[in-house]
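Some notes on the structure that comes next.
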Amino acid sequence: MKKNVIIIGAGPAGLTAAYELSKYPQFAVTVLEASGVAGGISRTVETNHNRMDLGGHRFFSKDKRVMDWWFHLFAPQGKPSLDDVLLGRKSPLVPGGPDPKTQDDVFLIRKRISRIYYKHTFFDYPLSLSAKTLYNLGFFTLTQAGFSYLGAKLHKRPETSLENFYINRFGKKLYHMFFEGYTEKLWGRHPKDISADWGAQRVKGLSVTAVLKDLAQRVLHTKPRKKETSLIEEFYYPKYGPGQLWTAVARKIEEQGGTVHYNCPVTGFVRNGDRITAVTTKDGQQFPADIVISSMPLKDLISGLPDVPPTIEQIAHGLPYRDFVTVGLLVDKLALPNNTQIPTFQNNIPDCWIYVQDEGVKMGRIQIFNNWSPYMVQDVQHTVFVGLEYFCREGDNFWNLTDEAATALAVKELKQIGMITDETKVLMSHRERVQKAYPAYFDTYQDIGGLIQYLNQVENLYCVGRNGQHRYNNMDHSMVTAFEAVNAILYHPADKSAIWNVNTEQEYHEGK
């Protein structure tokens, strides 16, 4: 008799687990997804034949299992993409790979271009000691930054907060310029009130020391033993954005005998001692369960579990999240000049992502979807589709803005930073709101160890993914939690330690 596996959530973690387990005839796999689409926050949103990637998703990983898994689904391109053909750009190609012109299930190989926009000036992201950076900083600021960094090295602070974490690595001056305001914008909390754990997740290996080492190796032409920056130079990207790949995975799960239910939010569980015996959904359906893999937020998971001790409920209900809004604007052209050597249509800037450090605007980042993939935009030669990313809290004033008000603010802020002008034509707008996009590292997060210990006692429950573990995982880390959960189910059901140990290594997420 088959074992019923209920997987909560059709994001990268849930779908990866479902795809792997549906290969085995002893499992009957059912995925329950609250929304109407696959991909979770890695989905693609299409509006008027233009596509938005919510949050931006570079497909790369240091884990060979993840890369092999992706390439099993979509092969890297063997012929140039539309923009490279029309602009005469050279791009890396894989011999024998598919042609994006005629095939859809293909990974494009894209240049990674992300910069910081600070006081109407572009800086490398992350900061580097290039000649342009030194020029942009100016002698006086550079001197201040240098002495500030030396002071931080001589008087190292205890890493009891994210503020101290940053100051130890960059000094006070650069911290105030490039980290303090942006971090507060992202989390709605000052860095002094945020656990250093978040820095350990997102800035591993990055510091002025690492930048100086990298500079010395370049000057001396020595081969670096290990490149400790986030500057991977290329990444893979599905032709039509990340949702294209995850939709294909959902389809393959059903081809392998699994089932994916959409618009089916989980609201509760039936429990017998230390085991979950059934999962219930908002519409009253009940799914018998021998195994449960959950990628739903820990707060919601605990709310649905019966017989949870009050102390555990308190930890779960106090776990904070940051919510997320993207306002997409289709415009005829951007006003900022392209001062790089990279050819683009209408000489627009070539960035995929821009980190906006200006504290005078609410936006945190800007995506330019044309530069992720030319196939994301209907008329890629004559229009630009930008996504303004805002960090907020569900139910706050910004979250509750009408579409019209959010669009008006986005247009105003793009003008304020000089990206568009009064003459720019706004051809279309679209807003997307994402709940619980970012698990946050404050409030009851400090007690999450007790919550994890409690959940591990539920014998047939496995927690995976970003929200399923309340950990700021990248997409590939979320997939690895699914790999480890499947491995535990197959070979050692009682040992869940490997699942929780994913993404605890002291290396930066985007190191390669």
Whether [X] side chain and [Y] backbone form a donor-acceptor pair below 3.5 Å:
X: His492; Y: Asp495; result: yes
X: Ser373; Y: Tyr240; result: no
X: Thr444; Y: Ile315; result: yes
X: Arg466; Y: Asn473; result: yes
X: Glu33; Y: Ala10; result: yes

>> Check this for me: does any side-chain nitrogen of one of Arg393 and Asp323 sit under 4.0 Å from a carboxylate oxygen of the other?
In response: no
>> Counting only heavy atoms from other residues, nucleotides and ligands, does the tally under 6.0 Å from CD of Gln453 exceed 12?
In response: no
>> If you count every heavy atom of other residues, nucleotides or ligands that lies below 6.0 Å from Lys23 atom NZ, does the total exceed 12?
In response: yes
How about [X] and [Y]: does a side-chain donor come under 3.5 Å of a side-chain acceptor?
X: Tyr237; Y: Asp53; value: yes
X: Asp351; Y: Tyr117; value: no
X: Trp500; Y: Glu484; value: no

> Closest heavy-atom contact between Ile499 and Gln469?
Replying inline: O-NE2, 3.0 Å
> Which atoms form the tightest heavy-atom contact between Asp105 and Gln244, and what is the distance?
Replying inline: OD1-NE2, 3.6 Å
> Is the distance between the ring centroids of Tyr321 and His470 under 6.0 Å?
Replying inline: yes
>> Check for me whether the distance between the ring centres of Phe179 and Tyr166 falls short of 6.0 Å.
In response: yes
>> Students often mix this up, so state it plainly: with edges at 30° and 60°, are the rings of Tyr118 and Phe178 parallel, tilted or perpendicular?
In response: tilted
> Can Arg322 be said to sit on top of Phe324's aromatic six-ring, NZ or CZ under 6.0 Å from centre and within 45° of the ring axis?
Replying inline: no
>> Run the side chain to side chain donor-acceptor pair (under 3.5 Å) test against Asp84 and tell me which residues pass, sequence neighbours left out.
In response: Ser81, Arg89, Ser91
>> Let's go through Asn338 and Thr340 carefully: what are the C-alpha distance in whole Å and the side-chain angles of both, what is the deciding distance for side-chain hydrogen bond (donor to acceptor under 3.5 Å, both in side chains) to 0.1 Å, and is it a yes or a no?
In response: CA-CA 6 Å; Asn338 178 10; Thr340 74; 2.6 Å; yes
> With sequence neighbours left out, what residues match Tyr24 under side-chain contact (heavy atoms from CB on, under 4.5 Å)?
Replying inline: Gln26, Phe27, Leu490
